[in-house]
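Step one of this worksheet: look at the structure below.
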Amino acid sequence: MDYEFQKIEKKWQDKWAADKTFKVGVDPSRPKYYVLDMFPYPSGAGLHVGHPLGYIASDIFSRYKRLKGFNVLHPMGYDAFGLPAEQYAIQTGQHPEITTHKNVARYRAQMDRIGFSYDWDREFRTSDPSYFKWTQWAFLKMFGSWYDKKLDKARPVEELVKAFAEGGSAAVDAASSDAPVFTAAEWNAFSDKEKSDILMHYRLAYQGETFVNWCPQLGTVLANDEVKEGYSVRGGFPVEQKKMTQWQLRVSAYAGRLLEALDRLDWSDSLKEMQRNWIGRSEGAEMVFKVRNGSAEYDMTIFTTRADTVFGVTFMVLAPESEWVEKLTAPEQKEAVEAYLAEVKKKTERERIAGKTVSGVFTGSYGINPLTGKEVPVWISEYVLAGYGTGAIMAVPAHDSRDYAFARKFGLPVIPLIEGADVREESFDAKEGIMMNSGFLNGLTVKEAIPAAIEYIEAHGIGRRKVNYKIRDAIFSRQRYWGEPFPIYYKDGIPTPLPEEALPLTLPEVDEFRPTEAGDPPLARAKDWTYDGYPLETSTMPGFAGSSAYYLRYMDPRNDGALVSPEADAYWRNVDLYIGGTEHATGHLIYSRFWNKVLFDLGYVCEDEPFLKLVNQGMIQGRSNFVYRIVGTNTFVSLGLKDQYKTTEIHVDISLVHNDRLDTEAFKAWRPDFADAEFILENGEYICGWAIEKMSKSMFNVVNPDTVCDTYGADTLRLYEMFLGPLEQSKPWNTKGIDGVNRFLKKFWRLFWDRDRFLVNDEEPTRAELKALHTLIAKEQEDIENFSFNTTVSAFMIALSELGECSKRAILEPLTILLSPFAPHIAEELWEQLGHTGSVAFAAYPAYNAAYTVEETCTYPVSFNGKTRFMADLPKSLSKEEVEAAVRAMDQTAKYVGDGTIVKVIVVPGRIVNIVVK
RNA sequence: GCGGGUGUGUUGGAAUUGGUAGACAACCCAGACUUAGGAUCUGGUGCCGCAAGGCGUAUGGGUUCGAGUCCCUUCACCCGCACCA
């Protein structure tokens with residue numbers, strides 16, 4: 001019998017599906033293990049070979065854990081709401097639901113061919129009403145909660161209302177955004193609308209006015225992580241800053257907990273570091289400066305991490321968007337300020353980032369240094385950001401490079417505060433040195449001066465210690481159609497939550513998917529978009545809403561009465577292993593952690609962190625090919641000759657190219673405009689250029705896993721993707737090495753079959769064969785636990801070559817089990833042929849027996865006259881005396897005879913003995 | 001600018017974590033079996049050298065009996081953040 005992978009793979013995939021082999025349930029008699037992939041957004045392009053990389057790794061791990069006796073939850077689904085389907089809908093009029101449906105079917109078919117051990121009964125889409133019911137439910141929970149800083153957790157808004165009624169705003173210490181101050185009596189006298197407005201400053205999901213990333217082309221606002229360098233991540237359209245009222249999530253309330261819990265997670269350092277930077281904790285002080293505009297005087301608070309430098313303040317700066325600008329603009333400067341603000345507003349975000357030019361304008365007002373009493377001018381400049389700190393700073397040009405650049409440009413004084421710091425050419429930003437010109441701080445080091453200054457400020461009522469975070473609240477509304485509708489309606493202008501019974505609130509039909517002429521979101525086109533006679537919210541939730549708690553839903557996906565039942569939650573708890581790309585570091589992975597913590601605080605889930613271990617698989621890049629067209633002609637010149645002409649580089653489909661040689665006839669047939677192409681060849685061939693690039697349709701370098709499954713089979717694809725290199729590394733796809741793993745599988749098959757003869761016998765294995773087997777068992781366990789799948793595949797190949805043509809059942813049976821996580825189809829087939837009826841997926845993992853692998857002898861490095869030589873085959877664990885004796889014996893026969901005196905014998909822990917002979 | 005990471009044959013990548021560098025593959029070469037082979041099997045394959053031997057893990061130094069591995073210098077590349085006071 002030959003290894004007919006197509007037949008075998010089809011057979012077992014059908015069987016797994018029919019038998020629901022990988023269906024799991026709560027089973028307290030067995031330990032659980034939860035392995036999750038970042039579920040895909042089903043795009044129109046289908047899967048390429050890069051997508052399954054992480055899925056294969058997680059599948060191997062799941063199957064390995066199953067063999068180890070764990071009850072493994074391994075689900076899959078689709079992140080189905082999102083922009084591309086909607087953009088497509090706007091262009092074609094096709095409902096995004098239909099597009100999504102089609103794409104999902106394609107994804108599923110592609111995944112099914114690779115033989116994943118998902119429990120498909122748990123599959124869902126985030127666009128299913130039965131799923132997004134719980135997204136909306138979670139939103140209502142956040143809407144109905146506030147963050148109590150005293151208890152450091154979220155609590156129901158009812159408790160907040162009660163506290164206000166009894167003690168006014170002073171009764172709570174809450175995370176809030178510019179909440180007004182009021183007494184209990186005032187609270188009780190407020191109208192419903194006023195109360196609602198005030199509560200908005202406290203709710204975890206709230207409506208608030210803020211600067212947002214507005215993308216005109218997409219017609220929607222975007223979250224910070226959806227914007228890169230002033231352009232939208234989806235689509236690459238310019239994004240501008242605009243002040244708008246939007247739904248937001250109070251992620252900032254959780255900044256401290258999100259940061260602190262990172263230490264307990266088994267994530268890569270780089271990913272944790274990215275989250276740390278994003279959260280951006282910085283310790284410093286808030287300080288009050290008196291500011292004067294003519295006769296009007298105010299207290300203005302600023303934030304600084306360098307309280308030690310107050311004596312060097314020579315001016316102050318406001319962000320252009322700061323509310324202080326209006327108050328502090330003196331009449332004589334009004335015109336100049338307005339001109340400046342207009343100029344700033346005109347610039348796009350892109351220009352602000354790229355330009356980094358120093359600009360600013362004087363307000364005409366002055367601030368008073370609280371320590372020196374000196375007056376300093378207040379300026380406005382775009383280098384101060386409205387969203388961070390208080391939007392106003394004290395400037396210390398001597399010790400801050402940005403302040404320095406500003407001072408030099410506008411001729412403001414620079415006062416050095418650190419002994420020996422030369423500030424003639426540049427500022428001295430380092431936090432080191434001895435203080436001077438600084439009153440009571442003189443003589444202290446900077447490190448001592450910072451806390452000393454803060455202490456002084458606090459003691460004198462000028463300011464207080466303060467921790468600031470960069471992380472902003474997440475903008476949660478999108479002016480889009482294809483997302484979860486908000487379960488909110490406007491009762492007499494008051495945003496009111498729908499009752500839970502009204503969920504899910506499903507999307508209405510609309511005649512078109514673009515905004516209305518009035519600029520309202522597409523939902524405003526719906527005929528009767530009301531609840532109880534009142535208008536419903538017309539924006540929808542962003543892409544990350546649906547992915548924020550999907551891992552919880554997988555635990556209990558068909559439950560209609562709860563996001564997840566307490567039993568299922570208590571059993572599955574959280575994700576033990578999460579595999580996915582780094583691109584979600586500051587988006588999904590922050591939002592999910594936030595979302596989970598809210599649900600944890602409110603008592604709906606039992607763990608406060610969702611993902612214990614996280615592995616980032618690297619990207620698989622494509623290898624693109626190019627042809628070179630001579631400008632203005634339809635003549636193409638081969639790579640080696642292209643420098644003699646003026647050419648443009650054109651991507652060519654890699655299926656028309658073999659070993660960088662172009663099939664010119666196929667090229668002509670590829671596209672009508674190339675039909676009459678002519679070629680300038682070298683040595684009779686057209687050689688293409690190449691580059692490693694992102695795999696994408698537009699670069700014609702996409703490799704479809706289906707093609708690989710057709711030619712080599714899913715098992716080869718799985719093994720090969722792992723063999724390609726370390727999981728976490730990015731690497732280009734090339735099929736050069738794929739024959740190697742394919743050969744391995746064929747050889748493996750031939751241990752069982754010679755033509756039509758089944759070779760497996762019951763002979764006793766030799767010691768060498770047992771050694772090969774047990775070495776592999778040890779190696780595979782170690783490597784899989786360390787996610788070093790590439791070396792495991794190598795270990796299989798080594799074992800195979802050591803086993804020769806061994807066809808003994810006692811060896812092949814465990815070998816089949818060991819192989820099953822990597823190449824499950826062939827393993828199932830051979831397992832059946834070995835006479836087993838159950839699936840190999842649930843066989844017991846072979847026990848490792850050290851007796852077969854531990855070396856009786858080992859090699860000792862011995863150093864003679866500065867040269868290290870190795871003495872082979874000495875017994876293990878020698879005593880010092882025995883080693884000395886052995887060395888003396890060696891010394892007489894070896895060529896490098898010293899004077900024979902042993903000066904030092906070092907026995908390193910383990911088995912390395914280090915000997916120095918003089 | 002700040003932060004994180006990487007650098008090993010022609011190529012993908014190994015190296016018991018300080019112990020015979022280049023495992024396992026790909027490529028290439030030679031051979032065997034074949035009508036044939038893009039099938040299968042065997043052998044070779046870091047560089048220089050006929051050889052003995054020497055040289056080799058981006059660069060230069062250091063620690064050590066011993067360094068791909070640890071420390072410092074320089075260079076190159078990749079990723080993330082980017083006026084966060």
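Naming: A, B, ... by sequence-line order, numbering from 1 per chain. The structure displayed is predicted, hence computed values, not measured ones. Side chains included, hydrogens not; waters and symmetry mates left out as well; all remaining heavy atoms used.
Distances were taken from every side-chain heavy atom of A:F303 (C-beta onward) to each of B:G12, B:A85, B:G13; the shortest belongs to B:A85.
With its glycosidic angle more than 90° from 0, B:U69 is assigned anti. More than 90° away from 0 lies the glycosidic angle of B:G43, which makes this nucleotide anti.
Using C1' as the reference atom, B:G7 and B:G22 are 16 Å apart when rounded to the nearest Å. Using P as the reference atom, B:G44 and B:U8 are 27 Å apart when rounded to the nearest Å. Rounded to a whole angstrom, the distance from the C1' atom of B:G18 to that of B:U57 is 15 Å. Separating the C1' atom of B:C2 from that of B:G12 is a span of 34 Å, rounded to the nearest Å. For the C1' atoms, the distance linking B:G31 with B:A76 amounts to 44 Å, nearest Å.
Aromatic ring orientation, A:H588 versus A:H584: perpendicular (interplanar angle above 60°, classes split at 30° and 60°).
No more than 12 heavy atoms of other residues, nucleotides or ligands shown are found within 6.0 angstrom of CG on A:D269. At most 12 heavy atoms of other shown residues, nucleotides or ligands fall within 6.0 angstrom of atom CD in A:E782.
In this structure, a donor-acceptor pair under 3.5 Å is present between the side chains of A:Y383 and A:D403.
Nearest-nucleotide mapping onto RNA chain B: of A:Q729 and A:T586, the residue sitting toward the 5' end is A:Q729.
A:S801 has no side-chain polar atom (N or O) that falls below the 4.0 Å cut-off from OP1 or OP2 of B:C24.
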Let me check I have this right: for RNA chain B, each base becomes ., (, ), [, ] or |, based on Watson-Crick or G-U pairs with both distances under 3.5 Å. What is the full string? (((((((..(((......[....))).(((((.......))))).(((....)))..(.(((..]....))).))))))))....
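Considering only residues two or more places apart in sequence or on other chains, A:D266 meets the side-chain hydrogen bond (donor to acceptor under 3.5 Å, both in side chains) condition with A:K613. Remark: A:R743 pairs with no residue by the salt bridge (Lys or Arg N to Asp or Glu O under 4.0 Å) rule, at least two apart or across chains.
When heavy atoms are screened at a 4.0 angstrom cut-off, A:I393 is found touching base atoms of the nucleic acid.
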